[in-house]
**Q** 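I am attaching a structure below and will ask some questions about it afterwards.
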Amino acid sequence: MHADRQPIIGGNWKLNPQSLGEAVSLAGQLRNRLGSQRSVQVVLFPPMPFLHEVAEKLRESELLVGSQDLAVQAAGAFTGAVSAAMIRSVGGQWVLCGHSERRAVFGDSDAIVGQKLSAALAGGCKPVLCIGESLEQREAGQTFAVVAAQLQVLKSFQVSQLQDLVLAYEPVWAIGTGRVATPEQAQEVHLFIRQQVQELFGKNFAQQLRIQYGGSVKSATAAGLMAQPDIDGLLVGGASLLAEEFANIVRFKSGN
Ligand code: PEP
């Protein structure tokens with residue numbers, strides 16, 4: 001955490017919960033706990049069908065809402081697709097691009113992730129670009145090469161287009177596995193990412209860019225991660241479905 005960068009914590013609900021009632025109830029519980037705090041920017045990523053009602057539930061609170069994904073296309077004959085403009089229209093401000101589950105399960109390549117980033121920016125959504133290596137890649141010593149390659153999608157943008165960009169470093173081996181990277185392991189990669197971004201866009205941009213860590217974050221591990229100088233926030237999956245646990249993560253306070 002760095003004094004010049006406001007921490008940003010995301011709650012990625014993935015394919016949960018299963019009903020609108022449960023989603024709105026979770027949003028209400030989070031609003032009660034976190035709705036007026038301003039020190040940390042908090043963005044919830046509910047499933048698309050619930051986004052509007054969740055955004056309504058959080059209206060005039062400090063909690064923001066985003067989509068877990070978007071289509072490359074802006075409009076037209078693309079069955080099942082959801083555009084950035086639609087996300088904006090139902091109260092979403094942010095969008096995840098290139099989450100590892102999108103990459104691994106749905107086949108989003110770097111090229112598609114780049115197009116999604118472009119679609120998000122063109123449609124007025126603030127993007128969180130997710131990157132990170134697999135266990136095999138880490139064990140083969142390829143972590144830096146993999147994240148450097150994933151960052152190449154940024155090359156096709158001007159720095160002026162990327163003012164709202166947030167990066168999320170999410171080592172795939174830590175997502176949903178209970179195996180969190182140590183603060184030192186995460187810091188090492190965050191620093192490398194910031195240096196790569198500096199090479200692409202210069203020091204000023206790199207210094208103001210926020211980089212989240214994601215992968216099995218719990219309240220017990222949040223503070224240790226956030227104490228690292230280049231970790232500016234957290235992207236939380238499983239623990240974001242538990243209101244008190246997620247609130248403790250946002251407070252950097254262990255619930256145990
Ligand atoms: C995620 O979905 O981005 C994530 C980090 O999940 P989890 O916290 O469950 O590992």
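For clarity, every value in this text was computed on a predicted model and none was experimentally measured. All ligand and atom numbering here is 1-based and tracks the order in the structure.
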**Q** Any donor-acceptor pair under 3.5 Å linking the side chain of R179 with the backbone of G215?
**A** no
**Q** Geometry only, no angles: is T177 polar-contacting ligand 1 at N/O separations under 3.5 Å?
**A** no
**Q** Do any heavy atoms of A174 fall under 4.0 Å from ligand 1?
**A** yes
**Q** Taking D108 first and then R103, would you say they form a salt bridge - that is, a charged N and a carboxylate O separated by under 4.0 Å?
**A** no
**Q** Once you measure the plane-to-plane angle for Y169 and H190, does it fall in the parallel (<30°), tilted (30-60°) or perpendicular (>60°) bin?
**A** perpendicular
**Q** Run the numbers for me: atoms of ligand 1, each under 4.0 Å from some heavy atom of I175, listed by number.
**A** 4 (C), 6 (O), 10 (O)
**Q** Keeping Q208 on the side-chain end and N204 on the backbone end, is there a donor-acceptor pair under 3.5 Å?
**A** no
**Q** For E101, is at least one N or O under 3.5 Å away from an N or O on ligand 1?
**A** no
**Q** What residue and atom, counting heavy atoms only, is the protein's closest point to atom 1 (C) of ligand 1, and at what distance?
**A** H99 NE2, 3.2 Å
**Q** Among all protein heavy atoms, pick the one closest to atom 2 (O) of ligand 1 and tell me residue, atom and distance.
**A** K14 CE, 2.6 Å
**Q** Do V54 and L241 sit in the same hydrophobic cluster, where Ile, Leu, Val, Met, Phe, Trp and Tyr count as joined when their side-chain heavy atoms come under 4.5 Å apart?
**A** yes
**Q** Using distance alone, determine whether V236 and ligand 1 share an N or O pair under 3.5 Å.
**A** no
**Q** Is there side-chain contact between L70 and S83, with at least one heavy-atom pair below 4.5 Å?
**A** no
**Q** Can you confirm whether D232 sits close enough to R194 that some side-chain heavy atom of one is under 4.5 Å from a side-chain heavy atom of the other?
**A** yes
**Q** Just jot down the ligand 1 atoms closer than 4.0 angstrom to any heavy atom of G214, in number order.
**A** 5 (C)
**Q** Main chain of E245, side chain of N248: is a donor-acceptor contact present, judged purely on distance under 3.5 Å?
**A** no
**Q** Can you find a pair of side-chain heavy atoms, one from M1 and one from P229, that are under 4.5 Å apart?
**A** no
**Q** Quick one, V72 and I112 - any side-chain contact, counting heavy atoms below 4.5 Å?
**A** yes
**Q** Which of the numbered atoms in ligand 1 are under 4.0 angstrom from any heavy atom belonging to S216?
**A** 7 (P), 8 (O), 10 (O)
**Q** Looking at ligand 1, does any of its N/O atoms fall within less than 3.5 Å of an N/O of G238?
**A** yes
**Q** When you look for heavy atoms under 4.0 Å from ligand 1, do you find them on the side chain of N12, its backbone, both, or neither?
**A** side chain
**Q** Below 4.0 angstrom from a heavy atom of G215, which ligand 1 atoms are there? Numbered from 1 as shown, please.
**A** 5 (C), 10 (O)
**Q** What protein heavy atom is closest to atom 4 (C) of ligand 1, reported as residue, atom name and distance in Å?
**A** G237 N, 3.6 Å
**Q** Distance under 4.0 Å to a non-hydrogen atom of G176: what atoms of ligand 1 satisfy this?
**A** 7 (P), 9 (O), 10 (O)
**Q** Yes or no: does A239 have any heavy atom under 4.0 Å from an atom of ligand 1?
**A** no
**Q** Counting non-hydrogen protein atoms only, what is the nearest one to atom 5 (C) of ligand 1? Give residue, atom name and distance.
**A** E170 OE2, 3.1 Å
